[in-house]
Amino acid sequence: MVWVVLMLGKLKILIVEDEARIARFVQLELRHEGFDTSTESNGRLALERILKEKFDLVLLDIMLPELDGMEICRRVRQSSNVPIIMLTAKDDVSDKVQGLDIGANDYLTKPFAMAELLARIRATLRDTNHN
Ligand code: CA
C-alpha cells in the first residue's frame with residue numbers, strides 16, 4: 001500500500017454506513033492506514049456523491065435510509081466502475097450472490113475484523129488495477 005500512496009497521493013474512500021459508531025470506527029482505522037475518508041449515512045445522498053465525486057473505493061452498507069445498498073450499487077454500475085465492497089449485517093447466501101451479481105467487487109459480513117476489511121480493500125484496489 002505504501003508505494004501506491006507515495007505514487008498517487010491519498011486514496012479516497014467513501015464509507016456509506018448509517019450506524020454512526022461503525023462509521024466512526026472504520027473511518028478512524030482507514031485514516032490511520034493513510035486513506036482519505038468521507039462518510040455518508042443516507043442512501044440517496046451517498047448515490048449522488050458516488051456519481052459526482054471521484055472516489056477510489058466505496059464501502060457500502062446494505063440497509064440504509066431512503067435507498068438501500070443494493071439499489072445504490074445497481075445504479076452506480078450504470079455509469080461507473082468505482083470499486084465497491086459491500087458491508088452488511090445480512091449473511092444470507094442469496095444476499096451475497098445478489099450483491100456480487102449487481103456489480104459489487106467484494107462482500108463482507110458484519111461483524112468483521114478490521115484486519116480482514118483492510119486486506120480486502122488492498123486486494124480490491126489491486127484487482128481493479130487502480131490507476
Ligand atoms: Ca445499516
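Atoms within a ligand are numbered from 1 in the order they appear, just like the ligands themselves. One-based numbering along the sequence shown.
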Determine whether Thr37 and Thr39 make a side-chain contact, defined as any pair of heavy atoms from C-beta on separated by less than 4.5 Å.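 Sidechains of Thr39 and Thr37: no contact.
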
Pairs involving residues 77-87, ordered by first then second residue, that meet side chain to side chain donor-acceptor pair (under 3.5 Å) (sequence neighbours left out):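 Those involving residues 77-87 are Arg77-Asn105.
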
If you look only at distance, which donor and acceptor atoms sit under 3.5 Å apart when one is on a side chain in residues 12-24 and the other is two or more places apart or in another chain?
residue: Glu17; atom: OE1; partner: Lys110; partner atom: NZ; Å: 2.9
residue: Glu17; atom: OE2; partner: Glu19; partner atom: N; Å: 2.9
residue: Glu19; atom: OE2; partner: Lys110; partner atom: NZ; Å: 3.2

Closest approach of Phe55 to Ser38 (non-hydrogen atoms, all atoms of both residues):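 Nearest pair, atom of Phe55 first, then Ser38: CE2-OG, 4.1 Å.
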
Can Leu28 be reached from Ile85 by stepping across I, L, V, M, F, W or Y side chains whose heavy atoms are under 4.5 Å apart?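 No, Ile85 and Leu28 fall in different hydrophobic clusters.
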
Using a cut-off of 3.0 Å, find all protein N, O or S atoms closer to the Ca ion (ligand 1) than that distance.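 Within the sphere that stays under 3.0 Å of the Ca ion (ligand 1), the protein atoms of type N, O or S are Asp18 OD1, Asp61 OD2, Met63 O.
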
Got a sec, which residues hit salt bridge (Lys or Arg N to Asp or Glu O under 4.0 Å) with Arg44, two or more places apart in sequence or on another chain?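 Checked Arg44 against salt bridge (Lys or Arg N to Asp or Glu O under 4.0 Å); matches are Glu48, Glu66.
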
